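If you're wondering where the values come from, they're calculated on a predicted model, not measured in any experiment.
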Amino acid sequence: PRWLPDGSALLAVIDRRPGEDDLFNYPDVVRLPLAVGQPELLTGPETADANPRPSPDGQWIAYNSLPVDEYTTANSEIKVIPVDGGQPRTITNSLDGHPRDIQWAPDGQSLTFLNATEGRIELCRIPVEGGSPGIVSSDEREILAYDLSADGRTVGFVASTDRVPSDLYVASLDGAGYAASEKRLTEVNGEWLAEKTLGDVEDLWFDTVDGTRVHGWVVKPPDFEPETQYPLILSIHGGPHVMWSRHEPTMWHEWQVQAANGYVVLACNPRGSDGYGQEFRAATQNRWGEADLPDLMAGLEQVLAQGYVDVDRLAVTGGSYGGFMTSWIVGHNRLFKAAVAQRGVYSLATFYSTTDIPKLIEWEFAAAPWEDPAHLWKYSPLAYVEDIHTPLLLIHSEKDYRVPIATAEGLFVALRRLKREVEMVRYPRDGHELSRSGEPKHRVDRLERIVAWFDAHLGAPDQDDQDS
């Protein structure tokens with residue numbers, strides 16, 4: 001809820017279809033006047049609308065809006081509507097991105113927001129009349145959260161970089177509202193980092209088979225020597241419509257742990273990823289695995305061409321949609337010597353029947369399982385289980401309601417019946433967020449199991465620096 005400045009009403013969001021058995025219930029923005037006590041609907045059925053923010057003078061409401069029929073692939077827009085309702089006006093028509101975390105400037109003449117673009121998350125500003133957004137604060141980092149001071153002259157924000165996990169910063173803004181100076185306020189991991197040697201991270205841009213430019217990055221082992229042949233881990237993100245970067249705070253520690261154990265880590269944003277425009281993000285719709293596999297393989301070829309990776313010691317892993325892609329890859333080629341699929345979707349029909357977001361399948365494939373079962377089976381990794389010969393470790397949590405464990409059990413049983421090398425590790429009590437917010441002992445165990453699985457099948461890399 002958000003108060004109107006005069007305290008006469010609250011703005012909130014209400015589910016339009018609470019009986020649909022789905023977390024995606026197409027929210028509407030409502031105003032709740034205290035004198036009336038009944039919500040007044042401000043937005044319509046064609047869009048899903050959220051995060052209402054009243055203007056300082058209480059005359060306008062800014063909010064995020066998505067078209068219902070393109071919920072997973074369309075750009076989120078910032079719209080402005082009169083506080084009493086009326087025709088909304090889109091002010092981000094010129095932005096091919098996903099603005100979020102809206103705030104009004106104190107004078108009510110502009111709005112600030114965060115926008116993910118090409119491996120960065122930038123703080124941007126746009127006039128309330130619309131037009132081209134300007135960048136308030138960028139640099140090579142991810143800005144994760146921010147707040148403007150009451151007078152609008154200063155911004156405080158949390159940012160992550162590939163050298164320093166999340167810290168708090170403050171920047172003064174010039175007359176035009178752009179960061180003029182900056183100060184780091186915290187070093188929450190400073191003492192710990194002082195005792196560690198980090199692997200270097202390099203950006204990687206490459207062309208895929210049809211000429212599309214794809215963005216990735218490589219994390220190298222500490223004390224990297226270019227003449228040495230290193231094993232490589234291909235790390236694949238979930239979503240599928242998210243953006244990773246070299247500064248990704250949810251993966252920072254995992255990549256550095258793998259690099260410290262002697263592995264080169266390759267990650268990238270293949271088609272389907274956010275941050276590179278709406279057309280790029282929508283490319284995997286109806287084509288999971290098929291559209292993005294060529295991008296991942298092109299990135300791998302680019303790194304192999306540099307000569308410091310042993311082509312016979314390649315591994316692949318990923319979680320959620322990344323788990324889907326891991327199993328899809330090993331069902332379509334035998335290039336990798338070991339794989340770890342985590343909390344993945346392996347049968348789209350099983351996923352639809354058990355997940356808390358069944359609508360995702362209908363949006364991404366334009367069909368429920370009973371409407372086109374053959375099509376959903378075609379894009380299920382389980383359909384290619386007979387072609388999986390790569391040693392596979394399955395990691396799943398027993399209380400995962402986003403991707404319930406049944407889909408992993410199905411793949412595990414099939415591989416066992418086929419006498420393939422497969423292990424499955426079940427984590428009690430944790431859910432889909434195991435790697436990010438699971439029990440600490442489980443997170444440590446998971447990291448160690450992944451490295452141990454790759455060591456066992458690729459041969460443990462030499463580790464000269466035990467303090468890395």
Side-chain angles (χ1 to χ4, degrees), residues 1-13 29 31-32 34 42 50-65 76-84 88-95 97-117 120-161 164 166-188 247 249:
R2 296 277 171 162
W3 287 100
L4 291 183
D6 64 3
S8 64
L10 284 164
L11 301 176
V13 171
V29 174
R31 185 184 59 185
L32 294 95
L34 270 62
L42 298 179
N51 309 314
R53 300 291 185 265
S55 61
D57 62 7
Q59 299 303 303
W60 300 91
I61 301 167
Y63 61 96
N64 283 113
S65 183
S76 175
E77 298 174 325
I78 297 177
K79 293 183 178 180
V80 175
I81 193 172
V83 71
D84 294 324
R89 177 169 52 86
T90 302
I91 67 171
T92 51
N93 288 315
S94 64
L95 179 69
H98 257 322
R100 60 179 177 85
D101 292 359
I102 307 166
Q103 286 194 31
W104 287 86
D107 61 8
Q109 298 303 302
S110 63
L111 294 114
T112 54
F113 58 90
L114 296 179
N115 183 54
T117 179
R120 305 181 304 278
I121 299 180
E122 301 173 331
L123 178 60
C124 302
R125 181 187 300 272
I126 192 167
V128 72
E129 295 84 9
S132 298
I135 299 173
V136 176
S137 183
S138 179
D139 294 333
E140 271 296 331
R141 59 189 175 193
E142 289 195 17
I143 297 179
L144 309 174
Y146 77 98
D147 193 31
L148 296 175
S149 62
D151 61 8
R153 296 178 180 176
T154 311
V155 59
F157 59 92
V158 177
S160 175
T161 75
V164 180
S166 306
D167 269 311
L168 183 63
Y169 300 78
V170 65
S172 60
L173 304 179
D174 62 21
Y178 301 107
S181 64
E182 181 178 302
K183 181 180 179 181
R184 181 175 164 190
L185 300 181
T186 64
E187 294 187 31
V188 293
H247 317 294

Find the distance between [atom1] ([X]) and [atom2] ([Y]) and round it off to the nearest 0.5 Å.
X	Y	atom1	atom2	result
N115	L95	CG	CG	5.0 Å
D101	N51	CG	CG	7.5 Å
L10	L4	CG	CG	7.5 Å
E77	H98	CD	NE2	10.5 Å
L114	I102	CG	CD1	10.5 Å
I81	Q59	CD1	CD	13.5 Å

Give me the atom names and distance for the closest heavy-atom approach of [X] to [Y].
X	Y	value
V136	T112	CG2-CG2, 4.5 Å
S166	V158	CB-CG1, 3.9 Å
V29	A50	CG2-N, 4.2 Å
P99	S76	CD-O, 3.2 Å
N64	R100	OD1-CA, 4.3 Å
T92	I78	OG1-N, 3.0 Å

Inset, instruction - Would you check if there is a donor-acceptor pair between the side chains of D151 and S149 at a distance under 3.5 Å? - result: yes
Output yes when a side-chain donor or acceptor of [X] lies under 3.5 Å from a complementary backbone atom of [Y], and no otherwise.
X	Y	result
R89	V128	yes
S55	G108	no
T161	V164	yes
S160	E142	no
H247	R120	no

Legend entry - Pairing residues for A12 by the side chain to side chain contact (heavy atoms under 4.5 Å, CB included) criterion, not counting sequence neighbours: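 For A12, the residues satisfying side chain to side chain contact (heavy atoms under 4.5 Å, CB included) (neighbours in sequence not counted) are V30, L32.
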Inset, instruction - Output all residues satisfying side chain to side chain contact (heavy atoms under 4.5 Å, CB included) with P82, sequence neighbours left out; order by chain, then residue number. - result: W60
Inset, instruction - Using the test side-chain hydrogen bond (donor to acceptor under 3.5 Å, both in side chains), find all partners of S181 that sit at least two apart in sequence or belong to another chain. - result: S172
Legend entry - Residues in side-chain hydrogen bond (donor to acceptor under 3.5 Å, both in side chains) contact with S110, at least two apart in sequence or another chain: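 Only R125 meet the side-chain hydrogen bond (donor to acceptor under 3.5 Å, both in side chains) criterion with S110.
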Inset, instruction - List the steps, then state whether side chain to side chain contact (heavy atoms under 4.5 Å, CB included) holds for W104 with L111. - result: CA-CA 4 Å; W104 287 86; L111 294 114; 3.7 Å; yes
Legend entry - R184 atom CZ: more than 12 heavy-atom contacts under 6.0 Å: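 Enclosed: over 12 neighbouring heavy atoms sit under 6.0 Å from CZ of R184.
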Inset, instruction - Indicate yes or no: at least one non-hydrogen side-chain atom of P56 is less than 4.5 angstrom from one of P5. - result: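 Not touching, per the 4.5 Å side-chain cut-off.
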Inset, instruction - Show your working on side chain to side chain contact (heavy atoms under 4.5 Å, CB included) between R53 and R2 and close with a plain yes or no. - result: CA-CA 7 Å; R53 300 291 185 265; R2 296 277 171 162; 3.2 Å; yes
Inset, instruction - Run the numbers on V188 and D167 for side chain to side chain contact (heavy atoms under 4.5 Å, CB included), then give the verdict. - result: CA-CA 7 Å; V188 293; D167 269 311; 3.4 Å; yes
Inset, instruction - Please collect all side chain to side chain donor-acceptor pair (under 3.5 Å) contacts where either partner lies in residues 128-137, sequence neighbours excluded, each pair once. - result: S137-R141
Legend entry - For F157, ring-ring contact (aromatic ring centres under 6.0 Å, His included) partners two or more places apart: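 ring-ring contact (aromatic ring centres under 6.0 Å, His included) list for F157, sorted by chain: Y169.
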Legend entry - Trace of the side chain to side chain contact (heavy atoms under 4.5 Å, CB included) decision for L173 with R153: CA-CA 5 Å; L173 304 179; R153 296 178 180 176; 5.6 Å; no
